[in-house]
Asker: 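Would you mind keeping the following structure in view while I ask a few things?
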Amino acid sequence: MQIWVDADACPKVIREILLRAAERTGTPMILVANHALPVPASKLVRQLQVAKGFDVADNEIVQRIEPGDLLITADIPLAAEALDKGAEVLSPRGERFDRGTIRAKLTMRDFMDTLRASGVQTGGPPTLSQADRQVFANQLDRLLR
(Lines give C-alpha, C1' and ligand atoms only; values in the text may rest on other atoms or scores of the structure.)
Protein backbone atom coordinates (compact mmCIF):
# COMPACT_ATOMS: atom_id res chain seq x y z
CA MET A 1 0.00 0.00 0.00
CA GLN A 2 1.05 3.54 -0.76
CA ILE A 3 -0.61 6.71 0.52
CA TRP A 4 -1.37 9.22 -2.22
CA VAL A 5 -2.21 12.76 -1.10
CA ASP A 6 -4.03 15.31 -3.26
CA ALA A 7 -1.79 17.85 -1.59
CA ASP A 8 -2.86 21.08 -3.33
CA ALA A 9 -5.92 21.36 -1.09
CA CYS A 10 -4.90 19.16 1.85
CA PRO A 11 -4.70 21.13 5.10
CA LYS A 12 -1.22 21.35 6.63
CA VAL A 13 -2.38 19.79 9.91
CA ILE A 14 -3.68 16.74 7.99
CA ARG A 15 -0.39 16.45 6.08
CA GLU A 16 1.40 16.44 9.44
CA ILE A 17 -0.82 13.62 10.75
CA LEU A 18 -0.13 11.70 7.52
CA LEU A 19 3.63 12.21 7.81
CA ARG A 20 3.67 10.83 11.35
CA ALA A 21 1.49 7.87 10.35
CA ALA A 22 3.66 7.04 7.33
CA GLU A 23 6.79 7.02 9.48
CA ARG A 24 5.14 5.06 12.30
CA THR A 25 3.76 2.35 9.98
CA GLY A 26 6.52 2.31 7.34
CA THR A 27 4.00 3.18 4.62
CA PRO A 28 5.32 5.05 1.55
CA MET A 29 3.56 8.35 0.89
CA ILE A 30 3.48 10.59 -2.18
CA LEU A 31 2.31 14.20 -1.96
CA VAL A 32 1.05 15.32 -5.38
CA ALA A 33 0.81 19.08 -5.96
CA ASN A 34 1.37 21.70 -8.62
CA HIS A 35 3.71 23.68 -6.35
CA ALA A 36 6.64 22.83 -4.10
CA LEU A 37 5.76 21.66 -0.60
CA PRO A 38 8.04 21.31 2.39
CA VAL A 39 8.75 17.60 2.69
CA PRO A 40 10.80 16.23 5.58
CA ALA A 41 13.87 14.15 4.89
CA SER A 42 12.44 10.64 4.81
CA LYS A 43 12.90 7.51 2.74
CA LEU A 44 9.13 7.00 2.89
CA VAL A 45 7.81 10.42 1.90
CA ARG A 46 8.26 12.18 -1.41
CA GLN A 47 6.66 14.92 -3.41
CA LEU A 48 5.54 14.65 -7.00
CA GLN A 49 5.28 18.16 -8.42
CA VAL A 50 3.14 18.39 -11.54
CA ALA A 51 2.51 21.23 -13.98
CA LYS A 52 -0.07 23.85 -13.10
CA GLY A 53 -3.44 23.36 -14.74
CA PHE A 54 -6.95 22.12 -14.22
CA ASP A 55 -6.97 18.53 -12.90
CA VAL A 56 -3.27 17.91 -13.73
CA ALA A 57 -2.53 16.58 -10.23
CA ASP A 58 -5.77 14.57 -10.22
CA ASN A 59 -4.97 12.98 -13.57
CA GLU A 60 -1.47 12.06 -12.40
CA ILE A 61 -2.85 10.38 -9.28
CA VAL A 62 -5.45 8.42 -11.28
CA GLN A 63 -2.78 7.27 -13.71
CA ARG A 64 -0.47 6.00 -10.94
CA ILE A 65 -2.76 4.78 -8.15
CA GLU A 66 -3.16 1.03 -7.79
CA PRO A 67 -5.64 -1.32 -6.12
CA GLY A 68 -5.08 -1.35 -2.37
CA ASP A 69 -3.50 2.12 -2.27
CA LEU A 70 -4.98 4.86 -0.09
CA LEU A 71 -5.90 8.29 -1.45
CA ILE A 72 -6.45 11.34 0.74
CA THR A 73 -8.66 13.88 -1.06
CA ALA A 74 -11.77 16.02 -0.69
CA ASP A 75 -12.23 16.00 -4.49
CA ILE A 76 -15.33 13.89 -5.18
CA PRO A 77 -14.66 13.15 -8.90
CA LEU A 78 -11.07 12.16 -8.06
CA ALA A 79 -12.35 9.95 -5.24
CA ALA A 80 -14.74 8.23 -7.66
CA GLU A 81 -11.96 7.50 -10.15
CA ALA A 82 -9.67 6.15 -7.43
CA LEU A 83 -12.45 3.90 -6.12
CA ASP A 84 -12.98 2.62 -9.68
CA LYS A 85 -9.31 1.60 -9.70
CA GLY A 86 -9.67 -0.32 -6.43
CA ALA A 87 -8.12 2.21 -4.05
CA GLU A 88 -9.35 3.21 -0.60
CA VAL A 89 -10.31 6.89 -0.28
CA LEU A 90 -10.43 9.09 2.81
CA SER A 91 -11.29 12.79 3.01
CA PRO A 92 -9.22 15.19 5.15
CA ARG A 93 -12.23 15.28 7.52
CA GLY A 94 -12.09 11.51 8.03
CA GLU A 95 -14.99 10.59 5.77
CA ARG A 96 -14.37 7.28 4.06
CA PHE A 97 -15.66 7.24 0.51
CA ASP A 98 -16.94 3.95 -0.89
CA ARG A 99 -18.56 2.65 -4.04
CA GLY A 100 -21.98 2.57 -2.34
CA THR A 101 -22.08 6.30 -1.59
CA ILE A 102 -19.85 8.01 -4.14
CA ARG A 103 -22.53 8.37 -6.84
CA ALA A 104 -24.82 10.25 -4.44
CA LYS A 105 -21.90 12.51 -3.49
CA LEU A 106 -21.18 13.20 -7.17
CA THR A 107 -24.84 14.09 -7.74
CA MET A 108 -24.85 16.47 -4.76
CA ARG A 109 -21.59 18.05 -5.92
CA ASP A 110 -23.03 18.66 -9.39
CA PHE A 111 -26.21 20.11 -7.87
CA MET A 112 -24.19 22.52 -5.71
CA ASP A 113 -22.12 23.54 -8.76
CA THR A 114 -25.36 24.32 -10.60
CA LEU A 115 -26.58 26.45 -7.70
CA ARG A 116 -23.31 28.40 -7.56
CA ALA A 117 -23.35 28.90 -11.34
CA SER A 118 -26.82 30.42 -11.05
CA GLY A 119 -25.62 32.89 -8.43
CA VAL A 120 -26.73 31.18 -5.23
CA GLN A 121 -24.23 31.65 -2.39
CA THR A 122 -23.68 28.19 -0.95
CA GLY A 123 -20.76 28.95 1.36
CA GLY A 124 -17.84 26.66 1.90
CA PRO A 125 -17.07 23.90 4.32
CA PRO A 126 -16.62 24.81 7.99
CA THR A 127 -13.14 25.26 9.39
CA LEU A 128 -11.38 22.00 10.20
CA SER A 129 -12.03 21.38 13.89
CA GLN A 130 -10.08 19.39 16.46
CA ALA A 131 -12.86 16.77 16.30
CA ASP A 132 -12.41 16.54 12.50
CA ARG A 133 -8.67 15.98 12.97
CA GLN A 134 -9.35 13.23 15.50
CA VAL A 135 -11.88 11.51 13.23
CA PHE A 136 -9.34 11.66 10.39
CA ALA A 137 -6.53 10.24 12.54
CA ASN A 138 -8.74 7.40 13.79
CA GLN A 139 -9.93 6.44 10.29
CA LEU A 140 -6.37 6.63 8.98
CA ASP A 141 -5.16 4.30 11.72
CA ARG A 142 -7.93 1.81 10.87
CA LEU A 143 -6.99 1.84 7.19
CA LEU A 144 -3.26 1.45 7.84
CA ARG A 145 -3.69 -1.56 10.14
Asker: Checking Gln47 side chain against Leu37 main chain: does a donor-acceptor pair fall under 3.5 Å?
Answerer: yes
Asker: Output the distance between atom CG (Leu31) and atom CH2 (Trp4), rounded to the nearest 0.5 Å.
Answerer: 10.5 Å
Asker: Verify the cluster assignment for Leu71 and Ile102: are they in a single hydrophobic cluster under the rule of side-chain heavy atoms below 4.5 Å apart?
Answerer: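 The answer is yes; both residues are in one hydrophobic cluster.
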Asker: Would you say Leu143 and Met29 are hydrophobically clustered, going by side-chain heavy atoms of ILVMFWY under 4.5 Å?
Answerer: yes
Asker: How far does CG of Leu44 sit from OG1 of Thr25, to the nearest 0.5 angstrom?
Answerer: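 Atom-to-atom, Leu44:CG and Thr25:OG1 are 8.0 Å apart.
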Asker: Hey, does Arg142 have a side-chain heavy atom less than 4.5 Å from the side chain of Arg96?
Answerer: no
Asker: For Ile72 and Leu70: C-alpha separation, side-chain torsions, deciding distance, then whether side-chain contact (heavy atoms from CB on, under 4.5 Å) applies.
Answerer: CA-CA 7 Å; Ile72 309 301; Leu70 171 61; 4.0 Å; yes
Asker: Check whether any side-chain heavy atom of Ile3 sits under 4.5 Å from a side-chain heavy atom of Leu144, and report yes or no.
Answerer: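 Yes. Closest side-chain heavy atoms under 4.5 Å.
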Asker: Dump the intermediate steps for side-chain contact (heavy atoms from CB on, under 4.5 Å) on His35 and Lys52, then the final yes or no.
Answerer: CA-CA 8 Å; His35 61 282; Lys52 292 187 186 298; 4.3 Å; yes
Asker: For a quick test of reading the model, state the closest non-hydrogen atom pair linking Arg103 to Ala80 and the distance between them.
Answerer: NH1-CB, 4.0 Å
Asker: Taking Ile65's backbone N and O only, do any of them form a donor-acceptor pair with Lys85's side chain (distance below 3.5 Å, no angle check)?
Answerer: yes
Asker: Is Met1 reachable from Leu90 through a run of I, L, V, M, F, W or Y residues, each pair having side-chain heavy atoms under 4.5 Å apart?
Answerer: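 As far as the 4.5 Å side-chain criterion goes, Met1 and Leu90 are connected within one cluster.
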Asker: Which pairs pass salt bridge (Lys or Arg N to Asp or Glu O under 4.0 Å) with one or both residues in residues 6-31, sequence neighbours excluded?
Answerer: Arg24-Asp141
Asker: Under 3.5 Å, is there a donor-acceptor pair linking the side chains of Gln134 and Asn138?
Answerer: yes
Asker: Would you call Val5 and Leu18 a side-chain contact if the rule is heavy atoms closer than 4.5 Å?
Answerer: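 Yes, close enough: below the 4.5 Å cut-off.
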Asker: Could you tell me the separation between the NZ atom of Lys105 and the CG atom of Asp98, rounded to the nearest 0.5 Å?
Answerer: 9.0 Å
Asker: Heavy-atom distance under 4.5 Å between the side chains of Val56 and Asn34, does that happen here?
Answerer: no
Asker: Arg133 versus Val13: any side-chain heavy-atom pair under 4.5 Å?
Answerer: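 Yes; the side chains approach each other to less than 4.5 Å.
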Asker: The criterion is side-chain contact (heavy atoms from CB on, under 4.5 Å); which residues satisfy it with Arg46, sequence neighbours excluded?
Answerer: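 In terms of side-chain contact (heavy atoms from CB on, under 4.5 Å), with neighbours along the sequence ignored, Arg46 is linked to Ile30, Arg64.
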Asker: Keeping the roles fixed (side chain from Asp75, backbone from Leu78), state whether a donor-acceptor pair exists under 3.5 Å.
Answerer: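 The answer is yes, because a donor-acceptor pair under 3.5 Å joins these two groups.
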Asker: Of all heavy-atom pairs between Ala7 and Ala33, which one has the smallest distance, and what is that distance?
Answerer: CB-CB, 4.1 Å
Asker: Go through Ile14 and Arg93 one step at a time and tell me if the side-chain contact (heavy atoms from CB on, under 4.5 Å) criterion holds.
Answerer: CA-CA 9 Å; Ile14 298 301; Arg93 292 184 183 275; over 6 Å; no
Asker: Do the non-hydrogen side-chain atoms of Phe97 and Leu83 ever get within less than 4.5 Å of each other?
Answerer: yes
Asker: Rounded to the nearest 0.5 Å, how far does CG of Leu140 lie from CD of Glu88?
Answerer: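 Answer rounded to 0.5 Å: 12.0 Å.
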Asker: Say whether, by atom type as modelled, one donor and one acceptor occur between the side chain of Asp132 and the main chain of Leu128 under 3.5 angstrom.
Answerer: no
